[in-house]
Amino acid sequence: MPSSCSIRALWILTNQDTVVFSRRFPVVEKRWRAACERDKSHMEDDLKYNVVPSLPTDSEIVDAFVDRKKREGSARGFGIRINQSVEGSDSWVDDPITRHIISLCTKNEEEKNLVLWPLVLHIKGHYCILVLPLVEPDHLKTYTRMCKRSDCGNAVGADESLSPLLLNLPSITGAFMVGHMIGDIITGDVTEPEIVISASPSVGGLLDSLTGSIGISARAKPVPAPVAGSTASGAATSGAMASDAPKIGLRSLDRDAIRSFISSAMPFGTPLDLNYTNISAVEINGFSSADTPPADQKQPAWKPYLYRGKQRILFTIHETVHAAMYDRDEIPDSKKISGQVNCRAELEGLPDVMFPLIGLDTARVELLSFHPCAQVPEHGNEKQSLMFSPPLGNFVLMRYQAFCVMGPPIKGFYQLSMVSENEGAFLFKLRLMEDYRAPLSMDFCTVTMPFPRRRVLSFDGTPSIGTVSVAEHLVEWKIITTGRGISGKSVEATFPGTVKFAPWQPQRLPTSGAVLGNMEDEESDAETESTNNMANVEDLLMEKMNKDLQAVDLEEPFCWQAYDYAKVSFKIMGGSLSGMSIDPKSVSIFPAVKAPVEFSTQVTSGDYILWNTLGKCPVAATPKA
C-alpha cells in the first residue's frame with residue numbers, strides 16, 4: 001500500500017439511511033487542516049467555504065446522503081447531466097465516475113454549503129460504505145470549478161477532466177481497497193482465491209488420451225484456504241476515534257471485527273496491510289521466536305509467519321468469460337476474458353520462486369497487474385519470466401484481461417416472440433464446445449431466461465437435452481449437470497417452447513425511470529399515433545405491453561426497458577481459453593528445495609448473454625482499427 005494513501009474518515013450506512021459504524025482519524029485530519037491553512041492565501045473566495053472546519057457528525061452525514069439520493073435519483077446517482085441536474089451537484093459534472101466517487105453537502109451556522117469530497121462509495125449487500133481519502137486542496141478547487149461550469153462532458157483535449165484526475169491519485173485507489181475490504185468483512189465474504197487440484201494424479205501418455213477422447217476427465221477439487229477468525233478487541237488506538245450507532249444494523253461481533261481490522265490494518269488512517277487473513281492470524285497467534293527469519297534475510301509484510309511442514313506449490317489459472325452474443329449481421333458478437341493466476345506456496349523459509357509464464361503474446365493480453373511480492377521484468381517474448389517471494393496461504397499472483405483465442409464455448413441464438421399479451425414463443429439453438437478438444441471438458445452448463453417484470457405461470461416445451469425448471473420470474477434449462485460433463489466432443493442443444501405470464505398490471509414504481517417521465521410524456525402522443533398505423537400484430541402487442549413499462553434502476557442494466565435476454569452459466573476444466581499456461585517442470589525455487597508443483601486451470605462464465613434476436617438489444621459502438 002503506497003504511503004501516500006491516507007484516510008480521513010469512513011462511515012457505514014444501512015439501506016434505512018442509518019449510520020451503524022463510523023471512524024475518524026485525527027492524525028490525517030490534522031494534515032488536511034494544515035494543508036488548507038498553508039494554501040488558504042491562494043484559495044479563491046468561493047472555495048474557502050468548502051474547507052470544512054471539522055468533519056460532519058453522523059446525523060449530518062445521513063441528512064446529506066438522503067438529500068443527495070433525492071437529488072440524484074439513487075444512491076449512485078445519474079453520472080451524467082440531465083434536465084433535473086442542479087448546478088453544484090455530482091451529475092452536473094457530467095462524468096460517470098461520480099456514481100462511485102461522490103460529494104455530500106452540509107450546512108454551517110450561516111447556512112452556507114459545506115462540501116465533503118471525494119467520498120468513495122462502495123455498496124455491498126444492504127450497506128453503503130463511504131470512505132473519505134486525503135487529497136490536496138487543489139483537487140477540491142478543481143472539482144468545485146467543474147461543478148459550476150456551464151458546458152458538460154469531458155471535451156477532448158480539455159485542461160480539466162475529473163476521471164483522469166481521480167484515477168491517478170493513490171489515495172483514491174487505496175480508498176476503494178479499504179471500502180471493498182470492509183464491505184467483505186461486514187457481509188462475511190472474506191474468502192481467499194480458490195486453488196484447484198486434480199482429485200487423482202494424471203497417469204499421462206496413452207491412458208490420458210483414451211479417457212479424454214471418450215469424455216472421461218479427472219474431477220477437480222478445491223484446496224481449502226486456512227480459516228482465521230478475528231478476536232474482539234475493544235481497545236481504541238490513540239490516533240483514532242470511533243462512534244457506534246444504536247441497536248440496529250450491524251451485530252456487536254461485526255463491529256468488533258471492523259474495529260479490530262481497522263486498528264491493525266490502518267491504525268492512524270494510513271493503510272499498512274489490508275490482507276484480512278494475515279491480520280487475523282497475527283491477532284490470534286501472535287509471534288514467537290520460531291518465526292524470526294535468518295539475520296541476513298528481510299521478512300516481507302505479506303508473510304508474517306514462516307511455514308513449516310510438507311512443501312509444495314500449487315498454481316491455478318482461473319478465467320472468466322464475458323460475452324454478448326447477438327446472432328445479427330449488423331452487430332458483431334463480443335467476447336472478453338478476465339483471468340488471474342492463483343497460487344499457494346507451502347515453502348519453508350523465505351525462498352524466491354521463478355517460472356516462465358507461457359502465452360502472453362498469443363493471449364493478446366490487454367491489461368496486467370501483479371501482487372506486490374512479484375518482481376516483473378520488461379515484457380518480452382512469448383515466455384515471460386516471473387519471480388516472486390510467496391506470502392502465506394492462497395493469493396492472486398497476477399490478474400489480466402485478454403481476448404479469447406478460441407471460438408466461443410457456447411454458440412447459437414435465442415429468439416423470443418410474443419404471440420399474445422401474456423404468452424411468448426421461444427427457441428434456443430445452441431452448440432456447446434464446438435472445435436474444443438480434450439483435455440478441455442465442460443463440467444456443467446445452464447441457461448436462464450429471466451423475466452423480472454412478468455410472473456411466469458407455466459411453460460410448454462421439451463429440450464433435446466437436459467431438464468427444465470420454472471420459478472416465479474425465470475425459466476432455467478440445465479443442459480449439462482455436474483458429474484455428467486462432456487470432453488472431446490461438441491453437443492447440439494435445441495429447446496423450442498412457449499411461456500405463459502400472469503396478466504400484465506402496470507405499476508408506477510418510484511425508480512429512476514420516474515426521472516425520465518417528462519421525456520416519456522413528451523413522446524406519448526407520437527407513440528399513440530404510430531400505434532394506430534401499425535400493421536404488424538406482434539409490434540402492436542409489444543407496444544401495448546411496453547406503454548406503461550417503467551424502466552428499472554440503472555443498477556440493473558440488463559433489465560432496462562424491454563430488453564430480452566438469456567444468461568448462460570458454465571464451467572470448463574482442463575485448459576485456458578486465452579492460451580495462458582504454466583509448465584510445472586519450469587518452476588525454479590531459490591535456494592533449491594525439492595517441492596512438487598501442481599498446475600490446474602478452470603474457466604467460468606461471467607456475464608455470458610444471449611440477446612433475443614427478435615427483440616431490442618443494447619450495443620456499444622467500437623472504434624475501427
Side-chain angles (χ1 to χ4, degrees), residues 6-25 28-29 32-33 36 46-81 84-124 127-137 139-148 162 165-166 169 171-172 175-176 178-179 182-183 243 245 249 269 512:
S6 297
I7 306 301
R8 295 172 58 192
L10 61 88
W11 295 266
I12 302 176
L13 291 78
T14 65
N15 53 5
Q16 287 88 22
D17 298 323
T18 303
V19 174
V20 292
F21 185 89
S22 65
R23 174 64 62 91
R24 295 158 176 82
F25 298 94
V28 182
E29 189 63 16
W32 165 252
R33 294 180 187 176
C36 293
D46 59 349
L47 177 64
K48 292 181 179 179
Y49 69 86
N50 286 303
V51 181
V52 183
S54 60
L55 287 171
T57 64
D58 290 354
S59 60
E60 290 174 337
I61 287 292
V62 169
D63 293 340
F65 191 67
V66 171
D67 289 343
R68 184 188 183 276
K69 286 201 296 184
K70 293 178 180 178
R71 184 175 63 252
E72 299 287 331
S74 68
R76 290 238 180 255
F78 302 120
I80 56 175
R81 188 184 297 188
Q84 285 74 22
S85 298
V86 180
E87 182 177 333
S89 64
D90 287 335
S91 59
W92 189 265
V93 179
D94 197 32
D95 191 320
I97 201 172
T98 56
R99 288 171 49 81
H100 306 277
I101 302 175
I102 68 173
S103 65
L104 295 181
C105 296
T106 60
K107 301 270 186 187
N108 62 7
E109 297 177 355
E110 301 175 358
E111 293 298 315
K112 288 186 178 181
N113 289 327
L114 301 176
V115 178
L116 200 62
W117 180 91
L119 281 163
V120 170
L121 170 64
H122 176 56
I123 299 176
K124 187 68 178 285
Y127 301 97
C128 293
I129 298 102
L130 298 175
V131 183
L132 178 64
L134 176 67
V135 296
E136 294 295 330
H139 298 143
L140 179 58
K141 185 190 302 183
T142 301
Y143 174 75
T144 304
R145 280 197 300 267
M146 291 181 183
C147 288
K148 294 185 178 181
L162 187 59
L165 169 69
L166 293 175
L169 294 177
S171 59
I172 297 297
F176 271 110
V178 170
I182 290 180
S243 64
S512 59

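The first residue of the sequence shown is numbered 1, and numbering continues consecutively from there.
Between the side chain of H100 and the backbone N or O of I97, no donor-acceptor pair lies under 3.5 Å. Under the 3.5 Å distance criterion, the side-chain polar atoms of R68 are matched with a main-chain donor or acceptor of A75. Side-chain N or O atoms of R8 include none that pairs as donor or acceptor with a backbone N or O of L134 at under 3.5 Å.
Looking at heavy atoms from C-beta onward, L13 lies in side-chain contact with L130 at the 4.5 angstrom threshold. V131 places none of its side-chain heavy atoms less than 4.5 Å from the side chain of H122. In this structure, the side chains of I182 and Y127 stay at 4.5 Å or more apart for every pair of heavy atoms. Taking the side chain as every heavy atom from C-beta outward, T144 and V115 never approach each other to under 4.5 Å. Between C128 and F65 the shortest side-chain heavy-atom distance falls below 4.5 Å. By the 4.5 Å heavy-atom criterion applied to side chains, P118 and Y143 are not counted as neighbours.
Atom CZ of R99 is separated from atom CZ of F78 by 10.0 Å, given to the nearest 0.5 angstrom. To the nearest 0.5 Å, atoms SG (C105) and CG (D63) are separated by 13.0 Å. To the nearest 0.5 Å, atoms CD (E136) and CH2 (W32) are separated by 8.5 Å. Of the inter-residue distances, the one linking I101 atom CD1 with F176 atom CZ reads 4.0 Å to the nearest 0.5 angstrom. Going from atom CG of L114 over to atom CG of L55 covers 11.5 Å, rounded to the nearest 0.5 Å. In this structure, CH2 on W117 lies 12.5 Å from CD1 on I102, to the nearest 0.5 angstrom.
Nearest heavy-atom pair, S91 versus S85, reported as atom, atom and distance to 0.1 Å: OG-OG, 2.9 Å. Closest approach of S89 and R71 over heavy atoms only: CB-NE, 3.6 Å. Pairing each heavy atom of G183 with each of I129, the nearest pair is CA-CD1, 3.8 Å. Summarising the geometry of F25 relative to I7, their closest heavy-atom pair is CD1-O, 3.3 Å, with the distance given to 0.1 Å. Residues G269 and V28 come closest through the heavy atom pair CA-CG2, 3.9 Å. Heavy atoms only, all atoms of each residue included: V86 and W92 are closest at O-CB, 3.4 Å.
The pair R76-D90 fails the salt-bridge criterion, with no side-chain N (NZ, NE, NH1 or NH2) lying under 4.0 Å from an Asp/Glu carboxylate O.
Just one residue in the list I12, T57, T14, D58 forms a side chain to side chain contact (heavy atoms under 4.5 Å, CB included) with V19, and that residue is D58.
By the salt bridge (Lys or Arg N to Asp or Glu O under 4.0 Å) test, D17 pairs with K69, sequence neighbours left out.
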Inset, instruction - Under the side chain to side chain contact (heavy atoms under 4.5 Å, CB included) rule, what do L116 and I61 come out as? Steps first, then yes or no, please. - result: CA-CA 9 Å; L116 200 62; I61 287 292; 3.8 Å; yes
